[in-house]
J.: 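Have a look at this one before I ask anything.
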Number of protein chains: 2
Amino acid sequence: MNIGDVSTAADLPAKTIRYYEEIGLIRPARGQNGYRSFSQSDLHKLRFLGRARALGFSIEDCRTLLALYENEGRASSEVRKIAESHLRDIRTKITTLDAMRQTLEHLVSTCAGDDRPDCPILNDLGGSAHEK
Amino acid sequence: MNIGDVSTAADLPAKTIRYYEEIGLIRPARGQNGYRSFSQSDLHKLRFLGRARALGFSIEDCRTLLALYENEGRASSEVRKIAESHLRDIRTKITTLDAMRQTLEHLVSTCAGDDRPDCPILNDLGGSAHEK
DNA sequence: CTTGACCTTACAGTCACTGGAAGGTCTATC
DNA sequence: GATAGACCTTCCAGTGACTGTAAGGTCAAG
């Protein structure tokens, strides 16, 4: 398979696939014409990577997870440790974003949003709540 | 005030303040020695930027918000539009992260996390759920 | 007059791609 | 055999918002 085929099959941009090769996540063979020639195993790895990235794992986590996936003698505790760490990061991000959301929802709800210049959002950003 | 003083006062790294000058968000004066000399107005802008960034607004949004803040004839609808758009982005991010969290929580809970190689997390990433 | 804390610029690196230029290859049609 | 268009290649630059580091200038205290 050429890169266009795996791109469709794995639902990843060709650019991304080339990038994954560049950083050593995959090592597709090459044809005589210099084109990358992808095996079923390459495609399988790309799908693995696509799913892991969709769950928010970093590239380095993906590299480790892929190595564990290929290692028959792995301990599932290794995998779980990575997933739990990532889960903690996600929970932290959600908490942060939720605080932003609440603040913004409050500010937006108190802003008239009309032609007049008076604006609680700008007042808050300007620090009026703390200064007065 | 020198950069160290405003850095403390605005709770922003000096590096970040220099960067904000570089991209034209602030224009502090310069002393004879070449040091940046910050006014109270500069400090006020930096605090504004710090709060806006803490709410997740992009630098370009911050640039616009700061201009609106300084513009006495602004319409609050402009501000509200930006805040609402940003709020939508945040809600989308939360939704995405929450889906990741749920999937990961499920996977982590079904993984023994011991010495054995069998691992539902890797099985899922490998696509077993779809293949069988 | 030296030490050390502060300041300066300039350049590289981060993360995970994405865009674009310049060119080679393949397939189908004329 | 020529040509068009779709594919492939590499290489370099850009994204966002900083952060790190190197090499050097300035200032106040002792």
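Order of the sequence lines fixes the chain letters, A, B, ..., with proteins taken first and strands second; residue numbering starts at 1 for each chain. None of these values were measured; they are calculated from a predicted model.
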J.: Could you state the CD1-C1' distance from Ile17(B) to dT19(D), rounded to the nearest angstrom?
T.: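 In whole Å, dT19(D) C1' lies 14 Å from Ile17(B) CD1.
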
J.: Between atom CG in Asp11(B) and atom C1' in dC18(D), what is the gap in whole Å?
T.: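 My rounded result for the distance is 16 Å.
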
J.: Is the backbone of Ala10(A) close enough, under 3.5 Å, to the side chain of Arg47(A) for a donor and an acceptor to pair up by distance?
T.: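 Side chain of Arg47(A) to backbone of Ala10(A), a donor-acceptor pair under 3.5 Å: no, none is there.
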
J.: At under 4.0 Å between heavy atoms, what does Ile23(B) touch on the DNA or RNA strands: base, sugar-phosphate, or nothing?
T.: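 Nothing, no nucleic acid heavy atom in range.
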
J.: What is the distance from CG of Leu49(B) to P of dA17(D), rounded to the nearest Å?
T.: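 That distance rounds to 12 Å.
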
J.: Can you tell me if Asp5(A) uses its side chain to pair, donor with acceptor, with the backbone of Asn2(A) under 3.5 Å?
T.: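 At least one qualifying donor-acceptor pair exists.
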
J.: For residues 102-122 of chain A, which residue pairs pass the salt bridge (charged side-chain N to carboxylate O under 4.0 Å, His left out) check, not counting sequence neighbours?
T.: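 Those involving residues 102-122 of chain A are Arg101(A)-Glu105(A), Glu105(A)-Arg91(B), Asp114(A)-Arg116(A).
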
J.: Taking only residues two or more places apart in sequence or in another chain, which ones pass side-chain contact (heavy atoms from CB on, under 4.5 Å) with Arg80(A)?
T.: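 By the side-chain contact (heavy atoms from CB on, under 4.5 Å) rule, Arg80(A) matches Glu84(A), Val108(B), Cys111(B).
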
J.: Please report the distance, rounded to the nearest Å, between CD1 in Ile3(A) and C1' in dT9(D).
T.: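 Nearest whole value for this atom pair: 10 Å.
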
J.: Taking Ala112(B)'s backbone N and O only, do any of them form a donor-acceptor pair with Ser76(A)'s side chain (distance below 3.5 Å, no angle check)?
T.: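 Not at all, since once roles are kept as given, no pair shorter than 3.5 Å links the two residues.
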
J.: What is the distance, rounded to the nearest whole Å, between atom CD of Glu22(B) and atom P of dT8(C)?
T.: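 Roughly 13 Å, once rounded to whole Å.
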
J.: Return a single string for nucleotides 22-28 of chain C, one symbol per nucleotide in 5' to 3' order, where B is base contact, S is sugar-phosphate-only contact and - is none, cutoff 4.0 angstrom on heavy atoms.
T.: --BBS--

J.: Could you grab the distance from atom CD1 of Ile3(A) to atom CG of Leu12(A), nearest 0.5 Å is fine?
T.: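 Answer rounded to 0.5 Å: 10.0 Å.
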
J.: Using the ring of each side chain (for Trp, its six-membered ring), is Phe48(B) parallel, tilted or perpendicular to Tyr69(B), with breaks at 30° and 60°?
T.: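 Answer is tilted, since the angle falls between 30° and 60°.
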
J.: Take Ser39(A) and Asp42(A), measure what side chain to side chain donor-acceptor pair (under 3.5 Å) needs, and give me the verdict at the end.
T.: CA-CA 5 Å; Ser39(A) 67; Asp42(A) 291 324; 3.1 Å; yes

J.: Going by ring-ring contact (aromatic ring centres under 6.0 Å, His included), name the residues that satisfy it together with Tyr35(B), two or more places apart in sequence or in a different chain.
T.: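 Tyr35(B) satisfies ring-ring contact (aromatic ring centres under 6.0 Å, His included) with no other residue.
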
J.: Expressed as a whole number of angstroms, how long is the span from Asn2(B):CG to dA5(C):C1'?
T.: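 It is 12 Å, rounded to the nearest whole Å.
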
J.: Roughly how bent is the helix from dC1(C)-dG30(D) to dC30(C)-dG1(D) end to end, in steps of 10 degrees, with each end axis from five pairs?
T.: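 Result, rounded to 10 degrees: 30°.
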
J.: If you measure from the Lys or Arg side-chain nitrogens to the Asp or Glu carboxylate oxygens, is any gap between Glu21(A) and Arg30(A) under 4.0 Å?
T.: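 Looking at Arg30(A) together with Glu21(A), the answer is yes, because their closest N to O distance falls below 4.0 Å.
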
J.: Arg51(B) side chain to Leu55(B) main-chain N or O, any donor-acceptor pair under 3.5 Å?
T.: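 A pair under 3.5 Å: no.
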
J.: For a quick check, with a 4.0 angstrom heavy-atom cut-off, what is the B/S/- contact string for nucleotides 9-19 of chain C, read 5' to 3'?
T.: BB-----BBSB

